[in-house]
Protein chains: 2
Amino acid sequence: MSRTDTTRRGSRQGRAGIRDVAAAAGVSITTVSDALNGKGRLPDATRRHVREVAERLGYRPSAAARTLRTGKSGLIGLTVTTYGDEPFTFTEFAYFAEMARAATSAALARGYALVILPATSRHDVWSNVALDGTVVVDPSDHDPVVTELVRQGLPVVSDGRPAGTLPVTAWVDNDHEAAVLDLLDHLAAAGARRIGLLTGTTTDTYTRLSTTAYLRWCERVGQDPVYESYPAHDPCAGAVAADRLLARPDRPDAVYGLFDPNGTDLLAAARRYGLRVPEDLLLVCCSESTVYATTEPPITTLSLKPRRIGTAVVQLLIDAIEGIDTGRPVEQVIPTELIVRTSSQRRPPRTTVSAPRSPARD
Amino acid sequence: MSRTDTTRRGSRQGRAGIRDVAAAAGVSITTVSDALNGKGRLPDATRRHVREVAERLGYRPSAAARTLRTGKSGLIGLTVTTYGDEPFTFTEFAYFAEMARAATSAALARGYALVILPATSRHDVWSNVALDGTVVVDPSDHDPVVTELVRQGLPVVSDGRPAGTLPVTAWVDNDHEAAVLDLLDHLAAAGARRIGLLTGTTTDTYTRLSTTAYLRWCERVGQDPVYESYPAHDPCAGAVAADRLLARPDRPDAVYGLFDPNGTDLLAAARRYGLRVPEDLLLVCCSESTVYATTEPPITTLSLKPRRIGTAVVQLLIDAIEGIDTGRPVEQVIPTELIVRTSSQRRPPRTTVSAPRSPARD
DNA sequence: CCTCCCAGGAGTCACGTTTCTGCATGATCA
DNA sequence: TGATCATGCAGAAACGTGACTCCTGGGAGG
């Protein structure tokens with residue numbers, strides 16, 4: 001009777017609370033909670049009645065209270081190692097955008113949302129948000145953020161295999177070595193005698209594995225390595241390095257560029273030196289950008305399949321959050337795809353392997 | 001004395017709570033809270049002691065409990081209208097990526113984090129996260145999500161001026177009409193006699209305003225409009241529309257493309273028809289992509305300055321969250337920038353107006 | 001010597017849920 | 001007919017904070 005007047009504050013002040021719904025429906029708080037969450041044992045009539053009243057009052061459960069009570073927030077952190085003060089790195093823009101998009105989709109489909117967080121260990125932001133787990137893109141060697149998160153008992157899944165002893169719950173990556181070896185074989189089969197590499201000075205796993213594979217391949221076929229390195233986060237340095245590579249006395253007749261903008265940079269450099277692509281110079285770069293389908297000539301690209309990676313990372317993370325923890329790290333390798341276009345074929349292609357965005361020429 | 005044994009659960013089970021810190025420091029919960037938040041009146045000695053103990057125990061305050069108590073979560077929603085089942089639209093990829101990056105930076109600098117949320121009114125995800133406010137990119141006419149958020153009393157700031165009576169707290173946009181008029185004048189000054197438009201079939205504000213400005217300009221200078229429309233979310237349709245535009249009997253000698261991929265599509269179409277750029281065809285497109293600096297020839301682009309927009313949107317939103325609510329909508333117009341390159345100059349440029357791909361921008 | 005005041009800190013409630021426990025009420029069964 | 005049991009629901013204890021109220025000395029002023 002007189003106890004229902006404990007509903008003093010919530011009713012008029014802000015949004016309707018569970019108490020208001022209970023009072024309006026003439027039932028207890030327990031019944032409302034059970035009815036809305038499909039939990040307890042209630043007849044369908046009561047369930048419907050409560051739901052209707054809740055709808056009428058515009059009731060939305062408080063996410064904060066639910067999180068506090070259940071310990072689950074439905075939030076997943078997404079963090080990327082950065083080279084400056086910006087939250088994402090610039091070089092892998094298309095890759096990251098695609099990967100983040102797929103990750104967001106996959107998370108939403110399972111009822112989770114993604115929170116973009118900085119890779120810096122500024123605790124004030126990280127500890128202000130209740131996370132169920134975190135996706136880390138390209139974690140550095142002994143990432144303090146990852147260590148701290150694992151110490152708190154949160155699952156962490158990385159895009160890119162962790163270097164050193166980084167204790168991630170699971171990771172997803174491409175087989176970068178196989179991709180590079182395959183790609184170099186493709187160039188050699190197209191007639192390349194000396195293949196050059198445009199690579200980065202950073203020590204991340206992608207750059208390291210790819211460069212190592214290149215060197216191994218050179219050793220195997222008995223070619224002297226011809227490569228230029230530059231800091232991958234500086235787009236101007238990339239254009240300069242592309243120019244340097246083609247200005248060398250031992251100029252390569254084919255080049256693979258590890259980073260997204262390398263294709264246009266190499267194409268511009270080739271024009272400056274009067275080199276025709278693909279007649280004088282074969283070109284491949286690693287990119288997710290669709291512009292390479294319509295450049296003159298279209299450029300063969302290696303796709304790392306960021307959408308599949310983003311999806312896989314989130315699936316593994318949510319599995320770890322909800323399911324049983326196997327204890328040992330789970331590893332998943334996503335195949336790459338070589339999208340062959342004109343720039344890596346000595347003769348005009350007879351069978352088009354690429355998916356062209358334009359009506360067929362000739 | 002014997003009441004301190006109420007610290008029964010928290011101490012061993014999970015992370016350290018505020019009670020554990022209080023017990024370890026030999027003070028009360030109040031003192032710990034005050035010491036860590038710099039609130040009450042405590043001597044520095046006590047404050048330091050408590051902080052040290054908290055540090056030693058690895059204490060991190062529970063974000064959920066704090067949110068529940070204070071009503072502020074430090075989370076900002078970021079949502080984009082979508083044309084498919086993906087969370088972001090595809091056509092404005094570079095724009096959105098840049099804008100989101102700037103928004104994330106600005107939010108982090110003020111202690112907030114961004115949560116990526118779908119534009120669909122799937123309430124289960126939206127109501128599962130406690131938001132302090134939301135950024136909406138390109139809200140549709142009577143966006144149900146915006147309406148619902150405003151009904152809940154949350155501030156909403158939109159990128160793109162709201163159509164109809166959408167009750168946003170504030171908005172940020174470019175002056176699209178002025179940008180298009182200016183750009184058309186630029187093309188006319190370069191010698192264009194008949195300027196064509198590549199536009200979209202969607203009804204969003206950007207497309208509508210830009211197209212209207214084009215039609216107005218045509219009327220003013222007495223030119224018959226020459227344009228093709230296509231669904232902007234379909235990249236293949238864009239290539240086809242570009243081809244159609246150049247195949248017309250009243251073929252334009254200059255084209256402005258409203259969307260990011262239009263530049264490469266138009267360039268490819270021009271090559272198919274044997275048109276030289278800029279001699280036979282002047283080209284401008286709206287894009288944030290840096291590839292247009294190195295295409296053959298480089299293409300003039302209209303930049304909407306997404307970084308400035310992203311920053312402005314977040315600043316306005318956080319101001320609304322923290323500060324006083326003025327009640328009336330705040331509007332902010334960001335100027336656009338025409339990056340003039342070879343494709344829109346009849347004669348080789350003597351003075352380079354374009355900004356090359358240097359990292360420092362804005 | 002008494003009073004007042006203030007620094008310093010302890011107790012306690014409330015935020016809005018979820019969930020465990022438990023109490024009625026009828027129906028079933030030996 | 002009384003014991004057992006499933007059903008339908010109410011009470012109340014947390015979850016971990018923040019903030020308000022109140023208590024207790026000790027020094028200063030009268």
Side-chain angles (χ1 to χ4, degrees), chain A residues 1-4 6-11 13-23 25-50 54 57 59-74 127-130 152, chain B residues 1-4 6-11 13-23 25-50 54 57 59-74 127-130 152:
Chain A
M1 303 287 161
S2 67
R3 86 182 87 82
T4 54
T6 55
T7 323
R8 54 207 174 273
R9 283 181 237 277
S11 51
Q13 184 160 295
R15 310 186 342 221
I18 199 175
R19 284 193 311 271
D20 306 301
V21 177
V27 296
S28 76
I29 292 178
T30 306
T31 305
V32 175
S33 179
D34 285 348
L36 295 181
N37 296 333
K39 283 295 175 65
R41 28 177 206 201
L42 300 176
D44 279 354
T46 307
R47 228 175 264 276
R48 271 198 307 272
H49 174 58
V50 169
L57 296 185
Y59 167 70
R60 301 263 166 263
S62 152
R66 170 175 293 170
T67 298
L68 177 59
R69 188 60 235 259
T70 63
K72 297 295 173 196
S73 67
S127 62
N128 253 338
V129 38
Q152 287 181 26
Chain B
M1 301 303 146
S2 67
R3 83 183 88 81
T4 54
T6 55
T7 322
R8 56 214 174 268
R9 281 181 240 277
S11 49
Q13 184 159 296
R15 310 188 340 223
I18 199 176
R19 284 191 313 269
D20 305 300
V21 178
V27 295
S28 75
I29 293 178
T30 306
T31 305
V32 175
S33 178
D34 285 348
L36 296 181
N37 296 334
K39 283 297 173 65
R41 31 176 202 199
L42 299 176
D44 280 354
T46 307
R47 227 175 266 276
R48 271 197 307 273
H49 174 59
V50 169
L57 295 185
Y59 166 71
R60 301 262 167 263
S62 152
R66 172 176 290 171
T67 299
L68 177 60
R69 189 62 238 259
T70 63
K72 297 294 173 196
S73 66
S127 62
N128 253 338
V129 39
Q152 287 181 25

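Below, all heavy atoms of this structure are taken into account, side chains as well, without hydrogens, waters or symmetry copies. Lettering of chains follows the sequences in order, A, B, ..., and the numbering in each one begins at 1.
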- Item | Check: C:dG11 base within 3.5 Å donor-acceptor of B:T30 side chain | yes
Should [X] be listed as having a side-chain N or O under 4.0 Å from OP1 or OP2 of [N]?
X     : N      : value
B:S28 : C:dA10 : yes
A:R41 : D:dA6  : no
B:K39 : D:dG18 : no

Which is true for [X] with a 4.0 Å heavy-atom rule: it touches a base, it touches only sugar-phosphate, or it touches nothing?
X     : result
B:I29 : nothing
B:D34 : nothing
B:T46 : sugar-phosphate
A:S33 : base

- Determine the minimum heavy-atom distance between B:R47 and B:G38, stating which atoms define it. NH1-CA, 3.3 Å
- Item | Among A:T30, A:I29, A:L36, side chain to side chain contact (heavy atoms under 4.5 Å, CB included) partner for A:V32 | A:L36
- Out of A:V27, A:V50, A:L42, which one pairs with A:D34 under the side chain to side chain contact (heavy atoms under 4.5 Å, CB included) rule? A:L42
Give the rounded distance in Å between these two atoms: [atom1] of [X] and [atom2] of [N].
X      : N      : atom1 : atom2 : value
B:D44  : C:dG8  : CG    : C1'   : 13 Å
B:R69  : C:dT12 : CZ    : P     : 17 Å
A:R60  : C:dT17 : CZ    : P     : 12 Å
A:D20  : C:dG16 : CG    : C1'   : 11 Å
A:N128 : D:dG18 : CG    : P     : 10 Å
B:N37  : D:dG16 : CG    : P     : 17 Å

- Message: The side chain of B:S62 is closest to which nucleotide in this list: D:dC9, D:dG16, C:dA10?
- Response: D:dG16
- Message: So if I take every side-chain heavy atom of B:T70 and compare against D:dG18, D:dA10, C:dT17, which nucleotide ends up nearest?
- Response: D:dG18
- Mapping B:T31 and B:L68 onto DNA chain C by nearest heavy atom, which one lands closer to the 5' end? B:T31
